[in-house]
Amino acid sequence: MKIIGIGNALLDVLIRLESDAHLTEMGIKKGAMDLIDESAMREIQENRMGLQRSEVPGGSVCNSMRSLARLGAEIGYIGKIGNDRAAQVYETETLKAGVKPFFVKTEGISGCSTVLISPDGERTMATFLGPAATLTDNEISDETLSKFDLIYIEGYLITNERLFLPMLKRAEKLGLKVALDLANFNIVNGFKDLLKDVIPQYVDILFSNESEAEAYTGLPARKAIEVIAKDVEIAVVTIGKDGVLVCRNSQVVHNNALVSNVVDTTGAGDNFAAGFLYGYSTNASLEQSAKIGTLLSANVIETVGAQIPEDRWGQIKLKVDEILGS
């Protein structure tokens, strides 16, 4: 099964803070995920030039697609970028991971998410969307989409009226399976009526965390999973340190989280989705797919950023083979 992702193409600039006093100085609440303009982005980054930092392609779906490609799946990614240095880094690193990019390019600066990592590992995000938020349905061809069997859509795209619903309709028309990530409980609360309408009609696999599942159903995760599964082929609810719940029809699978040395939780959900979709694409069982997702999630939270380090992939692939062979 060939998988293509579509999301906000944002370069992640990861900055390790020496203390949370930096957040106080910037007037940013710890753990928040705020949208900012270009001038605020430049001010935050330039005033912290002396701190440890790194740059990697970001956006939740791009994170997932890169890990899927590293597992050996045939992967594509759609996003919109500018023509600056950040765009060059984004495209180069995406290609290096084995993902085939289908970028829509425009003049100017690319989108960027500044990820401020506190000493305790909690992340605070200040995001400048840039051209990523202006991607429209008519900038993506049927020829591109028809090369793939499943499309993974970032929940944040629901704010883009010229993209979200048109893409769902085109996926159905072209016969693609649809996987959707609910993204954030504020997204669910803000667009619940639309989600309640489109999920049963267009979505095959729905990913959410505990708070998002509760916002969508009004029920705790262990009850929400069965309600969501009535709307989709497969419902997936991650429940933090307690692992993950997966439901298809009336079959509920609970997979425990792996013990990890938590350094940074950035990308935990993105990598879980990658592992689960890899299992799904190989016709693995729900339990096998959940185990692969849990494996990737456990590895990424032991490092800074949303990408699993290069030196871990060899061992990960051996473990994935063991899971699929079990």
Side-chain angles (χ1 to χ4, degrees), residues 30-33 60 63-64 67 117-118 120-125 152 155 179-189 195 199 203 205-280 284-306 308 312 316 319-320 322-324 326:
K30 184 177 180 179
M33 299 172 68
S60 65
N63 293 335
S64 300
S67 289
I117 305 168
S118 294
D120 63 2
E122 186 168 357
R123 56 180 174 159
T124 302
M125 300 175 67
Y152 183 37
L180 174 68
D181 172 36
L182 285 182
N184 183 281
F185 72 90
N186 287 325
I187 289 289
V188 180
N189 286 328
L195 288 168
I199 286 173
V203 177
I205 303 173
L206 186 68
F207 291 95
S208 63
N209 63 24
E210 204 165 355
S211 62
E212 293 154 8
E214 183 173 341
Y216 183 71
T217 65
L219 298 169
R222 294 179 187 275
K223 293 183 178 180
I225 187 78
E226 296 184 28
V227 173
I228 297 171
K230 293 177 182 178
D231 290 342
V232 296
E233 177 189 339
I234 299 174
V236 183
V237 180
T238 55
I239 48 178
K241 61 180 175 52
D242 293 323
V244 62
L245 298 168
V246 184
C247 184
R248 176 162 49 196
N249 298 322
S250 59
Q251 179 193 5
V252 179
V253 172
H254 175 218
N255 192 71
N256 291 318
L258 297 176
V259 177
S260 300
N261 176 30
V262 179
V263 174
D264 174 22
T265 58
T266 306
D270 305 338
N271 277 276
F272 176 86
F276 187 89
L277 288 173
Y278 181 76
Y280 180 81
S285 68
L286 294 184
E287 186 172 7
Q288 288 171 321
S289 298
K291 284 182 177 179
I292 299 170
T294 300
L295 173 65
L296 266 61
S297 181
N299 272 271
V300 78
I301 65 177
E302 292 187 338
T303 189
V304 175
I308 295 171
R312 291 187 177 225
I316 287 172
K319 290 182 179 179
V320 169
E322 290 178 9
I323 292 169
L324 293 177
S326 60

Please enumerate all residues that pass side chain to side chain contact (heavy atoms under 4.5 Å, CB included) together with [X], with sequence neighbours excluded.
X	answer
Glu233	Lys177, Asp204, Arg248, Tyr280
Ser285	Glu287, Gln288
Asp270	Ser60, Asn63, Ser64

Open item on the list: With rounding to the nearest 0.5 angstrom, report the CD to CD1 distance, Glu322 to Ile292.
Closed with: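 CD1 of Ile292 is found 11.5 Å from CD of Glu322.
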- [ ] State the OH-OG distance between Tyr278 and Ser289, to the nearest 0.5 angstrom.
- [x]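 It comes to 10.5 Å.
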Does [X] reach the main-chain N or O of [Y] with its side chain, forming a donor-acceptor pair under 3.5 Å?
X	Y	result
Asp120	Glu122	yes
Ser297	Phe272	no
Thr294	Ala290	yes

Task: Worked check of side chain to side chain contact (heavy atoms under 4.5 Å, CB included) between Leu286 and Ile234 - done: CA-CA 9 Å; Leu286 294 184; Ile234 299 174; 3.9 Å; yes
Open item on the list: With side chain to side chain contact (heavy atoms under 4.5 Å, CB included) as the criterion, how do Ile205 and Leu277 come out once you've worked through the C-alpha distance, each side chain's angles and the decisive distance to 0.1 Å?
Closed with: CA-CA 9 Å; Ile205 303 173; Leu277 288 173; 4.0 Å; yes
What's the shortest heavy-atom distance between [X] and [Y], and which atoms?
X	Y	value
Ala284	Leu324	CB-CD2, 3.6 Å
Asn299	Leu295	ND2-O, 2.9 Å
Ala274	Leu296	CB-CD2, 4.1 Å
Ala257	Gly240	CB-O, 4.0 Å

Open item on the list: A side-chain contact here means heavy atoms from C-beta on lying under 4.5 Å apart; do Leu182 and Ile187 qualify?
Closed with: no
Open item on the list: In the structure I gave you, are the side-chain heavy atoms of Lys319 and Lys291 within less than 4.5 Å of one another anywhere?
Closed with: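 A side-chain contact is absent here, since even the closest heavy-atom pair is not under 4.5 Å.
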- [ ] Could you walk me through whether Leu206 and Val236 pass the side chain to side chain contact (heavy atoms under 4.5 Å, CB included) test, one step at a time?
- [x] CA-CA 6 Å; Leu206 186 68; Val236 183; over 6 Å; no
Return all side-chain donor-acceptor pairs below 3.5 angstrom for residues 212-230, not counting sequence neighbours, or 'none' if the list is empty.
from   : atom 1 : to     : atom 2 : distance (Å)
Glu212 : OE1    : Asn209 : N      : 2.9
Glu212 : OE2    : Asn184 : N      : 3.2
Glu212 : OE2    : Asn209 : ND2    : 3.2
Tyr216 : OH     : Asp231 : OD2    : 3.2
Thr217 : OG1    : Ala213 : O      : 2.9
Thr217 : OG1    : Leu219 : N      : 3.1

Open item on the list: Can you see whether Asn271 engages Ser67 through a side-chain donor-acceptor pair at a distance of less than 3.5 angstrom?
Closed with: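 Yes, side-chain donor-acceptor contact under 3.5 Å.
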TODO: Evaluate the criterion side chain to side chain contact (heavy atoms under 4.5 Å, CB included) for residue pair Ile316 and Ile308; output intermediate values, then yes/no.
DONE: CA-CA 10 Å; Ile316 287 172; Ile308 295 171; 3.7 Å; yes
Task: Sequence neighbours excluded, every pair satisfying salt bridge (charged side-chain N to carboxylate O under 4.0 Å, His left out) that has a member inside residues 234-246 - done: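 Qualifying pairs, neighbours excluded: none.
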Task: Set of ring pair (Phe, Tyr, Trp, His ring centres under 6.0 Å) partners for Phe207, sequence neighbours left out - done: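 Phe207 satisfies ring pair (Phe, Tyr, Trp, His ring centres under 6.0 Å) with Tyr152, Phe276 once adjacent residues are dropped.
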